[in-house]
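Position 1 is the first residue of the sequence, and the numbers go up from there. Both ligands and their constituent atoms are indexed starting at 1 by order of listing. Owing to the predicted nature of the structure, the values given are computational and were not obtained by experimental measurement.
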Amino acid sequence: MTSTDGAQGAQSAQKAPAKDPWDLPDVSGLVVGVLGGTGPQGKGLAYRLARSGQKVIIGSRAAERAQAAAEEIGHGVEGAENAEAARRSDLVIVAVPWEGHGKTLEALREELAGKLVVDCVNPLGFDKKGAYALRPEEGSAAEQAAALLPDSRVTAAFHHLSAVLLLDPEIEQIDTDVMVLGEERADVETVQALAGRIPGMRGIFAGRLRNAHQVESLVANLISVNRRYKAHAGLRVTDV
Ligand SMILES: NC(=O)c1ccc[n+]([C@@H]2O[C@H](COP(=O)([O-])OP(=O)(O)OC[C@H]3O[C@@H](n4cnc5c(N)ncnc54)[C@H](OP(=O)(O)O)[C@@H]3O)[C@@H](O)[C@H]2O)c1
């Protein structure tokens, strides 16, 4: 052993062993709220999570619409106005269209205080050439959420899922990875674990919120893939 090896050995003897990145928390007891849970993405996520045993409350601008969607989903899902869904949940997924994103979150600042917020909003435009990424002033939808919700812990995830696959009851397993972004490791790991509750899915740490724009924008590419190949494309991150 060279003296350099020895120095490294002594150093690593003092250091705590690196944490296993797949050692994720048990999130089965968390109540999950879904803002805009009456749309295909929110409803699909609510269905998949509830089917895996998670308690889910879907939110809407109108309580009746949320209740009707919750009944349709079954699996113990409840429906409420967005504000009540936020208040009653530990973790809140934001699944409203980009056009309503800022206004919705601004109005729920109090209800979302202290909560873990998971933004899955993709700011996209569409023209005759197809889908393209918009450039939010704050950098991304997730960064807009973080700016509007200073008392919440904001993460971003679930951008690349196909609502069609999520909602199809014949499909048992959804083979895809979910990129999870956030500032705090514990929060990111909670969201990774939540993604992992859905059979076939893995939640993978993909950086801080300042890199959310690329992840949100990539959906424009996936839409192009889907159109050309008549597919419901997802993503797999290799070698992890
Ligand atoms: N669809 C997908 O495959 C998919 C995949 C990944 C991510 N996403 C993202 O998930 C979000 C939801 O997608 P979606 O296709 O489910 O959207 P959507 O159907 O257009 O909207 C979802 C729900 O949001 C509510 N809503 C509509 N306009 C609103 C506004 N101006 N302000 C507040 N709430 C409003 C509506 O519920 P109420 O009328 O009941 O309030 C609607 O049912 C989008 O931001 C999208 O980028 C979608």
Side-chain angles (χ1 to χ4, degrees), residues 32-49 56-73 77-86 92-109 111-112 117-126 130-136 140-145 148 154-168 171 174 176-181 191 195 198 201 203 206 212-227 231-235:
V32 175
V34 187
L35 307 179
T38 54
Q41 167 76 349
K43 210 180 346 178
L45 275 171
Y47 168 57
R48 285 293 154 181
L49 290 170
V56 181
I57 306 171
I58 62 174
S60 162
R61 290 168 296 180
E64 320 79 71
R65 278 205 292 279
Q67 281 148 10
E71 230 166 89
E72 206 185 303
I73 299 168
V77 175
E78 287 183 62
E81 251 184 69
N82 281 329
E84 193 191 331
V92 181
I93 298 173
V94 186
V96 298
W98 166 242
E99 296 70 38
H101 183 258
K103 255 189 161 175
T104 302
L105 296 183
E106 210 167 18
L108 297 176
R109 188 173 290 171
E111 288 82 357
L112 291 170
V117 172
V118 186
D119 205 296
C120 72
V121 171
N122 302 310
L124 295 178
F126 293 87
Y132 60 96
L134 301 175
R135 294 188 176 279
S140 60
E143 287 165 289
Q144 183 185 78
L148 291 171
V154 175
T155 60
F158 301 120
H159 307 86
H160 304 138
L161 303 181
S162 155
V164 175
L165 299 185
L166 289 175
L167 284 165
D168 185 342
I171 295 175
I174 300 187
T176 195
D177 287 337
V178 171
M179 289 186 167
V180 185
L181 298 94
V191 181
I198 301 175
M201 271 188 211
H213 175 65
Q214 300 89 280
V215 172
E216 294 170 3
S217 302
L218 192 59
V219 175
N221 304 79
L222 288 178
I223 289 172
S224 304
V225 171
N226 288 342
R227 286 188 177 171
H232 301 295
L235 285 182

Note: ligand 1 atoms sitting under 4.0 Å from heavy atoms of A163 are 1 (N), 2 (C), 3 (O)
When distances are taken from atom 23 (C) of ligand 1, the protein heavy atom at minimum range is G36 O, 3.5 Å
Let me see the working for V32 and V118 under side-chain contact (heavy atoms from CB on, under 4.5 Å), right down to the final yes or no.
CA-CA 10 Å; V32 175; V118 186; over 6 Å; no
Using a plain distance cutoff, I'd like to know if V121 has any nitrogen or oxygen under 3.5 Å from a nitrogen or oxygen of ligand 1.
no
heavy-atom search around atom 18 (P) of ligand 1 in the protein gives P97 CG, 4.2 Å
Polar-atom distance check: R61 versus ligand 1, any N or O pair below 3.5 Å?
yes
Please state which protein non-hydrogen atom is closest to atom 9 (C) of ligand 1 and give its distance, to 0.1 Å?
C120 O, 3.3 Å
Looking only at N/O atoms, are N122 and ligand 1 under 3.5 Å apart anywhere?
yes
To the nearest 0.5 Å, tell me how far L218 CG sits from N122 CG.
9.5 Å
Heavy-atom nearest neighbour of atom 22 (C) of ligand 1 within options G42, A157, A95
A95
Shortest protein contact, atom 33 (C) of ligand 1 (heavy atom only):
T104 OG1, 3.3 Å
List the closest protein heavy-atom neighbour of atom 4 (C) of ligand 1: residue, atom name, distance to the nearest 0.1 Å.
Q41 OE1, 3.4 Å
Closest non-hydrogen protein atom to atom 31 (N) of ligand 1, residue and atom name please, with distance?
G100 CA, 3.6 Å
Could you tell me whether P40 and ligand 1 have an N or O pair separated by under 3.5 Å?
yes
Could you tell me, atom by atom, which parts of ligand 1 come under 4.0 Å of a heavy atom of S60?
38 (P), 40 (O), 41 (O)
Using a strict 4.0 Å cut-off to heavy atoms of R65, name the atoms of ligand 1 that fall inside it.
38 (P), 39 (O), 40 (O), 41 (O)
Atom NE2 in H159, atom CD in Q214: separation rounded to 0.5 Å?
11.0 Å
Heavy atoms only, cut-off 4.0 Å: how does L161 contact ligand 1, side chain, backbone, both, or neither?
backbone
What do you reckon, does A62 put a non-hydrogen atom under 4.0 Å from ligand 1?
no
Backbone or side-chain N or O of E99 under 3.5 Å from ligand 1 N or O
no
May I ask you to identify the nearest protein heavy atom to atom 11 (C) of ligand 1, giving residue, atom name and distance to one decimal place in Å?
V96 O, 3.5 Å
Closest by any non-hydrogen atom to atom 6 (C) of ligand 1: pick that one out of E81, K103, H159, H232.
H159
Are side-chain heavy atoms of P136 and E143 found at a separation under 4.5 Å?
no
State whether the shortest distance between N or O atoms of S162 and N or O atoms of ligand 1 falls below 3.5 angstrom.
no
Which distance, rounded to the nearest 0.5 Å, do you find between the CD of E64 and the OG1 of T38?
11.5 Å
For R109, I'd like to know if atom CZ has over 12 heavy atoms of other residues, nucleotides or ligands within 6.0 Å.
yes
What distance do I174 atom CD1 and L166 atom CG have between them, rounded to the nearest 0.5 Å?
4.5 Å
For atom 42 (C) of ligand 1, grab the closest protein heavy atom and report residue, atom and distance to one decimal in Å.
T38 OG1, 3.7 Å
d(Q41 CD, L167 CG) to nearest 0.5 Å is 9.0 Å
Using side-chain heavy atoms (C-beta onward) and a distance below 4.5 Å, is H160 in contact with V178?
no
Close side-chain approach of L49 and Y47, heavy atoms under 4.5 Å
no
Proximity of H160 to ligand 1 by residue part, where a heavy atom lies under 4.0 Å
neither
Under the criterion side-chain contact (heavy atoms from CB on, under 4.5 Å), I'd like the reasoning laid out for V94 against T104: C-alpha separation, chi angles, the key distance, then a yes or no.
CA-CA 9 Å; V94 186; T104 302; 5.8 Å; no
Tell me, with the steps shown, if D119 and H101 meet side-chain contact (heavy atoms from CB on, under 4.5 Å).
CA-CA 10 Å; D119 205 296; H101 183 258; 2.5 Å; yes
To the nearest 0.5 angstrom, please state how far the CD1 atom of I57 sits from the CD atom of E78.
5.5 Å
